[in-house]
Engineer: 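Following this message is one structure expressed as structure tokens.
Position 1 is the first residue of the sequence; numbering continues from there.
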Amino acid sequence: MHPPPPALRNRTTLLFLSLLFAAAFLVRIWGLSKFHYWDEMVYLQNALVICCGRTNYSELDFRPPLLSLFFAGVFLLWRHIYAACITTALLNALGPVFLFFAGRRSVGRLPAALAAILLAFAPFFLGIFPASFASDDTGNSLLTDSPALTLVLLSFWLLLRALDRPTATRFFSAGFALALCTLMRFGSIPSVGMLLLLPLFSPARWKALPACIAGIAAALAPYLLWSRHTYGGFLSTLQAGWRNVEGPVQPFLFFLQNAATIFTPLAIAGLLLSLLHDIYLLRRRPPANPATPPPTATATPGWIKPYLWLWLALGLLFFSSMPHKEPRYIMPLAAPVLLLAGSGLSLFTRLPAKALRTAAALCLGLLLFVTFLPLRSRLSDPFLDPGVPEEELAGARLQSNLPAATTLYMSFNYPAWAYYTSFRIHELSSVGPELYRDLTQIPPGQVLIVYREAEDKSQSDLARVDANSTFTRIAEYPSFVIYRAKLPSPPQPGANALP
């Protein structure tokens, strides 16, 4: 490995990292808004369950807890969606910094800097997509994917740091960080498995690996005990989380087909350059000498590149084998992809003439500028979106006009209603005849919320509910209509008297 300079003693490095973090945070917080939906609202609602005793709705039985724990801690100081947005942006902006630290210890300072810049400003990691590319937001959303990537990069750096100066404490700390990756996003488990290979590169591998596993156990134990006490099994929540990964089936090559959009064409070009260069070096390498002692992490820098390629290949195979795929699922592979891409893009420094190196550096700078041009769409918006979600407006109206024991029935976007009201939330069936049978079982006085256009057209249509004499419209909004099941009419005095 390339030995790094003393931490933060290099003024250029300190200035670079300070500007990188500040800029990465700014572009992620830009467009601060209250408009967040479904899975994002789940983590906000779970935070209220943790910090404020909210009991009307919870998905802690199958959602990872760590992001909600962060939100819960922040809500004790400032209970507002903006507080959660700022917290998430800070976590996400740390990702490029940790990638630089890890890259500096593995592939060198310039490749690490290029990788960190790509992670900080690549459109996909900011939630900026072309119109033809459907995906969930990743940059300033309240999802776990980007914070989990930050923790993966932190773990990677801590492990490389432990390999340079092996101590049980350092490997324990790295293991603790690996557990946090899992608690942030259950889908991080494959990345944790790959990173657990790193202690095997230590000369004292049979001490390093147990220390790392001990760190994982120390961080996971409280959560697993809570899962056992609350849901009856140590792994109940993790198993439920994996079972809830559902959606349309995409082709096996989905991630390869979208790789350039996710990681940018420039990163893919750098990745290919790195691959060609590594193949060239491999073909020129002399045959191995059997008398040569086995390599170690500190003595042989050559092991890191094969490891990164292995991480990329196995990770791509795993995510491609999943039936349901979303672009954000592959974000954990940003570490090997961008570090290898940075290695390829930095090859211009090996050009023989200074004029060629200068021209290549200018060309690379121009390509980076073009790659980051989509940022204009983010920065052209106001810094603060003053709009208020319809669910918040409707929730306040319902809270002030309906009894506290009211239950809200719906089959779409229920986490938002759980967050904006204290009413109990009842999930209706979302598809087919079961939904309409559920409607007939809503007790008098309770509330039904019908969205005008729901995902997969699974929501009950308004005409059918309007035709049901059981329900009366009590409020209408552009996105949904609120109904209330009619209360039985009180008997009229003398109504049963004979004429």
Side-chain angles (χ1 to χ4, degrees), residues 28-60 63 67-68 70-89 127 136-137 139-144 381-428 430 446-455 459-460 462 465 473-484:
R28 282 162 173 76
I29 200 64
W30 197 278
L32 193 63
S33 173
K34 291 184 178 181
F35 289 91
H36 297 275
Y37 302 96
W38 207 281
D39 287 2
E40 297 176 276
M41 299 304 299
V42 165
Y43 295 108
L44 293 171
Q45 170 65 12
N46 285 349
L48 294 184
V49 173
I50 295 170
C51 73
C52 307
R54 182 73 70 87
T55 59
N56 60 334
Y57 183 82
S58 171
E59 290 190 8
L60 286 170
R63 298 278 186 176
L67 186 62
S68 293
F70 276 122
F71 292 164
V74 172
F75 282 170
L76 294 176
L77 302 175
W78 182 26
R79 184 171 157 180
H80 198 284
I81 285 185
Y82 290 165
C85 294
I86 294 170
T87 300
T88 308
D136 292 316
D137 195 5
N140 59 355
S141 75
L142 304 180
L143 298 175
T144 59
D381 294 333
F383 176 77
L384 180 66
D385 181 355
V388 179
E390 295 171 15
E391 288 83 359
E392 181 179 355
L393 296 172
R397 180 176 177 179
L398 293 176
Q399 288 277 167
S400 61
N401 290 282
L402 294 178
T406 300
T407 299
L408 306 184
Y409 290 75
M410 69 207 69
S411 63
F412 187 74
N413 206 26
Y414 29 86
W417 294 95
Y419 180 79
Y420 286 120
T421 75
S422 58
F423 295 129
R424 181 176 176 270
I425 304 299
H426 186 96
E427 304 170 39
L428 296 173
S430 59
Q446 306 308 307
V447 170
L448 170 67
I449 299 169
V450 181
Y451 276 80
R452 299 181 188 274
E453 292 185 14
E455 291 181 353
Q459 177 72 43
S460 155
L462 296 175
V465 181
R473 291 193 181 203
I474 61 174
E476 299 182 30
Y477 292 85
S479 299
F480 53 83
V481 177
I482 302 177
Y483 296 86
R484 192 178 188 193

Engineer: Could you walk me through whether Leu142 and Leu44 pass the side-chain contact (heavy atoms from CB on, under 4.5 Å) test, one step at a time?
Structural biologist: CA-CA 8 Å; Leu142 304 180; Leu44 293 171; 3.6 Å; yes

Engineer: So Arg397 and Tyr477, side-chain contact (heavy atoms from CB on, under 4.5 Å) or not? Walk me through it.
Structural biologist: CA-CA 12 Å; Arg397 180 176 177 179; Tyr477 292 85; 3.6 Å; yes

Engineer: Can you tell if the side chain of Glu391 reaches within under 4.5 Å of the side chain of Tyr419, non-hydrogen atoms only?
Structural biologist: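 Of all side-chain heavy-atom pairs linking Tyr419 with Glu391, none is under 4.5 Å.
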
Engineer: Do Tyr483 and Leu462 come close enough that some side-chain heavy atom pair is under 4.5 Å?
Structural biologist: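 Sidechains of Leu462 and Tyr483: in contact.
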
Engineer: Please give me the minimum heavy-atom distance between Ala47 and Phe71, naming the atom from each residue.
Structural biologist: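 Shortest heavy-atom separation between Ala47 and Phe71 comes out as CB-CB, 3.5 Å.
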
Engineer: From the options Leu408, Val465, Val481, select the one residue that forms a side-chain contact (heavy atoms from CB on, under 4.5 Å) with Leu448.
Structural biologist: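 The passing option is Val465.
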
Engineer: So do Phe70 and Thr88 actually touch side chain to side chain, heavy atoms under 4.5 Å?
Structural biologist: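 Not touching, per the 4.5 Å side-chain cut-off.
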
Engineer: How close do Gly395 and Thr421 get, counting heavy atoms only, and between which atoms?
Structural biologist: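 That would be CA-CG2, 3.5 Å.
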
Engineer: Ser33 and Ile81: which non-hydrogen atoms are nearest, and at how many Å?
Structural biologist: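 That would be O-CG2, 3.9 Å.
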
Engineer: Output the distance between atom CG (Asn401) and atom CD1 (Ile474), rounded to the nearest 0.5 Å.
Structural biologist: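 The distance works out to 8.5 Å.
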
Engineer: Under 3.5 Å, side chain of Ser58 to main-chain N/O of Asn46, donor-acceptor pair present?
Structural biologist: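 Pair absent, no side-chain N/O of Ser58 close to backbone of Asn46.
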
Engineer: Under 3.5 Å, side chain of Trp417 to main-chain N/O of Phe412, donor-acceptor pair present?
Structural biologist: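 Such a contact is absent between Trp417 side chain and Phe412 backbone.
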
Engineer: Taking all non-hydrogen atoms of both residues into account, name the closest pair between Lys34 and Pro389 and its distance.
Structural biologist: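 Where Lys34 meets Pro389 most closely, the heavy atoms are O-CG, 3.5 Å.
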
Engineer: State, yes or no, whether a side-chain contact exists between Gln45 and Leu48 at a heavy-atom distance under 4.5 Å.
Structural biologist: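 They are in contact (side-chain heavy atoms under 4.5 Å apart), so the answer is yes.
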
Engineer: Could you measure the distance from the CZ atom of Arg424 to the OH atom of Tyr409? Nearest 0.5 Å is fine.
Structural biologist: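 One gets 6.5 Å once the value is rounded to the nearest 0.5 Å.
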
Engineer: Taking all atoms of both residues into account, what is the closest heavy-atom pair of Ala394 and Ile482, and its distance?
Structural biologist: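 For Ala394 versus Ile482, the nearest heavy atoms are CB-CD1, 3.9 Å.
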
Engineer: Between Glu40 and Ser141, is there a donor-acceptor pair closer than 3.5 Å when you use the side chain of the first and the backbone of the second?
Structural biologist: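 No, because the side chain of Glu40 does not come within donor-acceptor range (under 3.5 Å) of the backbone of Ser141.
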
Engineer: Any side-chain to backbone donor/acceptor pair from Asp39 onto Leu143? Under 3.5 Å, distance only.
Structural biologist: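 Side chain of Asp39 to backbone of Leu143, a donor-acceptor pair under 3.5 Å: no, none is there.
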
Engineer: Would you check if Phe423 and Val447 make a side-chain contact, meaning some heavy-atom pair closer than 4.5 Å?
Structural biologist: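 Not in contact.
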
Engineer: Provide the closest heavy-atom pair for Ala89 versus Ile29 in the form atom of the first, atom of the second, distance.
Structural biologist: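 Shortest heavy-atom separation between Ala89 and Ile29 comes out as CB-CD1, 3.9 Å.
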
Engineer: Only pairs at least two apart or in different chains count here, so list each side chain to side chain donor-acceptor pair (under 3.5 Å) that has a residue in residues 73-87.
Structural biologist: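 Those involving residues 73-87 do not exist here.
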
Engineer: Salt bridge (Lys or Arg N to Asp or Glu O under 4.0 Å): which pairs involve residues 41-59, sequence neighbours left out?
Structural biologist: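 Residue pairs with at least one partner in residues 41-59: Glu59-Arg63.
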
Engineer: Within the distance-only criterion (no hydrogens, no angle test), does the side chain of Asn413 pair as donor or acceptor with the backbone N or O of Trp38 below 3.5 angstrom?
Structural biologist: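 Confirmed, Asn413 side chain pairs with Trp38 backbone.
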
Engineer: Do the side chains of Leu398 and Thr406 get nearer than 4.5 Å, heavy atoms only?
Structural biologist: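 Thr406 vs Leu398: side chains apart.
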
Engineer: Please report the C-alpha distance between Met41 and Tyr420 in whole Å, then the side-chain angles of each, then the deciding distance to 0.1 Å, and finally whether the side-chain contact (heavy atoms from CB on, under 4.5 Å) criterion is met.
Structural biologist: CA-CA 10 Å; Met41 299 304 299; Tyr420 286 120; 3.9 Å; yes

Engineer: Sort out for me which residue in Ile425, Leu428, Val450 forms a side-chain contact (heavy atoms from CB on, under 4.5 Å) with Met410.
Structural biologist: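 For Met410, the side-chain contact (heavy atoms from CB on, under 4.5 Å) check succeeds only for Ile425.
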
